[in-house]
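Report on one structure; see the data block that follows.
First the proteins, then the strands, lettered A, B, ... as listed; each starts at 1.
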There are 2 protein chains.
Amino acid sequence: MITIKEIADELGISTTTVNNVIHGKTKEVSKATIEKVEKMIAKYEYVPNMNARNLAQNRSKIIAVAMKARKDKYENAIKDSYVGELIGAIEKSVRTSEYFLMIYISDDIGEILKNVSTWNVDGLILLGMSGDDSVMIKKKFKKPMVFVDSYFCQDVMGYYNVGLEDAKGTYEATKYLLECGHRKIAFLADNCVGVDHERFIGYKRALQEYGIGCREEDFFVMMPAENEIEACLDELYHYSEQYTALCCASDYYAVMVMNYLSDRGKIIPDDISVVGFDDNASATIVRPALTTIHQDVTKKGEVAVEKLLKMVNGEELEEENMILPVKLVVRDSVKKMNQ
Amino acid sequence: MITIKEIADELGISTTTVNNVIHGKTKEVSKATIEKVEKMIAKYEYVPNMNARNLAQNRSKIIAVAMKARKDKYENAIKDSYVGELIGAIEKSVRTSEYFLMIYISDDIGEILKNVSTWNVDGLILLGMSGDDSVMIKKKFKKPMVFVDSYFCQDVMGYYNVGLEDAKGTYEATKYLLECGHRKIAFLADNCVGVDHERFIGYKRALQEYGIGCREEDFFVMMPAENEIEACLDELYHYSEQYTALCCASDYYAVMVMNYLSDRGKIIPDDISVVGFDDNASATIVRPALTTIHQDVTKKGEVAVEKLLKMVNGEELEEENMILPVKLVVRDSVKKMNQ
DNA sequence: CTGAAAGCGCTAACAA
DNA sequence: TTGTTAGCGCTTTCAG
């Protein structure tokens, strides 16, 4: 790999001049030298050394996406279809903006912060952070960052987040179930904080509007680890007679539950109806096709990168919390009881 | 962010000493100074500057995975479940080996090479490269690299690849169809080079063993672009009466085809049987569950990283082409004609 | 056991 | 229009 200095020496000119033509600051350089330099660059296929450039400029051209991943849930986080699509969209946006993407996945915030600062990244996108994580990160990392899918404590300011109408989504889904005549509806998720908590809220609100209470045992909490999930599904199967419908916090579980139950003889949606959340690929693959809440994951990634790069470029942002819309997509997994 | 120099100054010692304790070259440092330095490091949360370190050492601690992605097929490459799982496995392996992962996706080899050399990456994993791409890359990039799923021209040497028994997979799948009594079997893929060509070979070989010829029109080539796929599926539907079974080069298409056909009234597997390849999540989601060829994608990613890091650390490798096994997984998408 | 200093490749302020 | 030079933070050789 040839360096600026070598080009300069070979041409008998200064590094500044070479540097200037490399950066198109060509107003102050004679035509002749420009051509000479460009010929050299082409001939030797000059490529800048990012480490040197970054060191000199105290930046990095790197956008990092950091994800806090529960060990039991994400043995391979990117394999998850939601995470995969989101990171794919982020990757594409970052790349087309001439930045580079680095990925840190860990359940240890400290480790994530160390990596981020060792590379001096220009901006940070944070996935799966809790409220507590957020304040810690905000305190330690002083450069632009945007959270995705985070819910913060009320009073904190200066956080940028791109999220979803989570509560509205499950509210719509549950209301749809109610309108279809369902009254015994369980909720299903693998945790009850952050996004899933909001989704639970939406579910509850819809029930309340119909004057239906919600008992603690109507919330089925799934344990995603491979050696535990079976037991959870089995328990659900065991209690499934008590419900006519299931409101799931994600398509992932909706589809899993549908197949588990139908493989054990339950007819979906006649014996039990199911709604999901996310509208990912599996929602259209499964049969009956899944009625679910659609979100635009790709858009989410794009918006996150767009917001972040604006901040990286010194712009001040107005909205602090960008909420993307959701929409009910009716397919075939819900029975209309009242027809 | 505090620097080595600042620590040294504050302590009234030299940067060399500080550096030595940072790197555990502690034999030549007195207990007292070690403690002082470590206290400083903890207090100010010293984190090394990678750009500086890399510049000084002429390396980067970065492993890059570069993927050549057809524009029509991969609008968002990581969203694809095969790519997502593979990259996820690579990410995890890279991370646990204390390296950092950068991702470059492009259909322009030149651009990929430029990025790779601008960051001075220590090693490179290449996805989706054709034989031609490979020789070009090999010529330009002089550091350790391993290809995944590539097929090279016969005579080239010194390439490291981790691949699959592709031909064997479709051979087994097709043989299984034949054993079940199927004689009119179409093949379905979106290209006919590299991996998919091998898979086609396997299909043909099985047919030949049964004395069955294979006409050109039995190869259905799908066009993955959103605005073209419908027409391809429609054509397949149109000709589907002529076949009793479909051998698909990937689960992606197998599942798509199953749903397309069954939504149009075809009964699977009674009207038409389907086998896939990959055994990804959708194979177990779709109903009837897909009979397919299983591959261990995670293993593939792990092996690629493991091989690569060995080379990065100066080891010479023996095998140049690591072929991972495949295995037929029988589920419910194939009809037994002979029972 | 400790320190001085050169150098990695690039940038940018200043000089000419 | 072009050149000089002092860094950026870390490594490493060599000398004490």
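When the C1' atom of dC10(C) is taken as reference, atom CG of Asn54(A) falls 10 Å away, rounded to whole Å. Per the geometry, CD1 belonging to Ile7(A) stands 13 Å off P belonging to dG9(C), to the nearest Å. Atoms NZ (Lys36(A)) and C1' (dT2(D)) sit 11 Å apart, rounded to a whole Å.
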Just do the side-chain contact (heavy atoms from CB on, under 4.5 Å) check on Asn54(B) and Asn120(B) with the steps written out, would you?
CA-CA 9 Å; Asn54(B) 293 340; Asn120(B) 198 10; over 6 Å; no

From CA spacing to verdict: side-chain contact (heavy atoms from CB on, under 4.5 Å), Met311(A), Leu317(A):
CA-CA 7 Å; Met311(A) 296 170 73; Leu317(A) 296 188; 3.5 Å; yes

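For the OP1/OP2 pair of dG3(D) and a distance below 4.0 Å, the side-chain nitrogens and oxygens of Ser14(A) include at least one atom meeting the criterion.
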Reading nucleotides 7-16 of chain D from 5' to 3' and marking B where a protein heavy atom lies under 4.0 Å of the base, S where only the sugar-phosphate is that close, and - otherwise, the string is BBBBBBB---

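Counting heavy atoms from C-beta on, the side chains of Leu11(B) and Thr33(B) never come closer than 4.5 Å.
Checking each of Phe152(B), Phe141(B), Tyr160(B) against Phe147(B) for a ring pair (Phe, Tyr, Trp, His ring centres under 6.0 Å) leaves exactly one that passes, namely Phe152(B).
Under the 3.5 Å distance criterion, with hydrogens and angles disregarded, no donor-acceptor pair is assigned to the side chains of Glu6(A) and Tyr44(A).
Ring pair Phe100(B)/Trp119(A) is perpendicular by interplanar angle, where above 60° counts as perpendicular and below 30° as parallel.
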